[in-house]
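Just below is one structure, and these are the notes that go with it.
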Amino acid sequence: MPRHHPHTTPADAAEAEAVQLRLRRRVRLDDSGPAPGAPGTVVGVDVAYDDGRGIVAAAAVALDAVTLAVVEEATAVGRVTFPYVPGLLAFRELPAVLDALDRLRHTPGLVVCDGYGIAHPRRFGLASHLGVLTGLPAIGVAKNPFVFRHEPPAPHRGAHTPLLDGTEEVGRALRTRDGVKPVFVSPGHRTTCASACAHTLHLTGAYRLPETTRRADRLCREALRAA
DNA sequence: GCGACAG
DNA sequence: ATCTTGTCGC
């Protein structure tokens, strides 16, 4: 049975924003998480929707942090409980994602989310929210820019430019493939911009998106079709 | 007031 | 996110 999640299923947008303002103080931006490439497991999470049926499917895929081989997969299906509102994505995705994570037997060394961490209107995007609720190190790797402007990075893999909140760097536009549109990386919890980018580079090579995200994306779509 | 707007 | 064919390029 679905548990009562006061921190993930508010009644409306105003309540959701209040939750973010309350929880964001728990975000920690340090390097207490694993170093990129260090032994352990890195977990990718993603979600797919079927608007017609009003259901959502989430996937959590654990990869060996060194070899990037898949070591475990878990999924969860449920009903959609919150609409998509820019800035409140976590309230739509987290319930199913947390269920999928709960079904994983491996303890994630790092969780890679689709979306943002602290590069968010209230400095509390999906990756930060997930990190704070689980206590796990988490980063956000988004496919599109959100609230912060950026200069285009140099064309080679590894080039990056900052996403600035005033003078503070809250994320980076990072090129993961030569000549290909960059991804937008930001720390979620227990990591930094530099580490989040190093992790992202470690998880990419042949494709623009991290292997974690690609596997989770494929798996949640399968789970949705099978539901 | 008018757009822009992670997934 | 999701709806969707062909097409340009390595």
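So you know, we letter chains A, B, ... as the sequences are listed, proteins then strands, and number each from 1. What you see is a predicted model; the values in this text were computed from it and never measured.
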Quiz item: Can you give one letter per nucleotide of nucleotides 1-7 of chain B, going 5' to 3': B for a protein heavy atom under 4.0 Å from the base, S for sugar-phosphate only, - for none?
Solution: ----BBB
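Looking at A:Arg221 and A:Asp217, a side-chain N of the basic residue comes within less than 4.0 Å of a carboxylate O on the acidic one, giving a salt bridge. Using a 4.0 Å cut-off between charged nitrogen and carboxylate oxygen, A:Arg123 and A:Glu168 count as a salt-bridge pair. The pair A:Asp114-A:Lys143 meets the salt-bridge criterion, with a side-chain N (NZ, NE, NH1 or NH2) lying under 4.0 Å from an Asp/Glu carboxylate O. With salt bridges taken as basic N to acidic carboxylate O contacts below 4.0 Å, none links A:Arg225 and A:Glu222.
Across all non-hydrogen atoms, the minimal contact from A:Ser195 to A:Thr191 is CB-OG1, 3.3 Å.
Looking at heavy-atom distances under 4.0 Å, A:Arg221 makes contact with sugar-phosphate atoms alone, never a base.
Remark: the A:Arg208 side chain and the A:Thr176 side chain contain no N/O donor-acceptor pair separated by less than 3.5 Å.
For the pair A:Arg92 and A:Tyr49, the cation-pi test (distance below 6.0 Å, angle within 45°) is passed. A cation-pi contact, defined as under 6.0 Å to the ring centre and within 45° of the axis, is absent between A:Arg172 and A:Phe184.
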Quiz item: Under a 3.5 Å cutoff on both atom distances, Watson-Crick or G-U, what's the dot-bracket for DNA chain C ([ ] crossing, | other strand)?
Solution: ..........
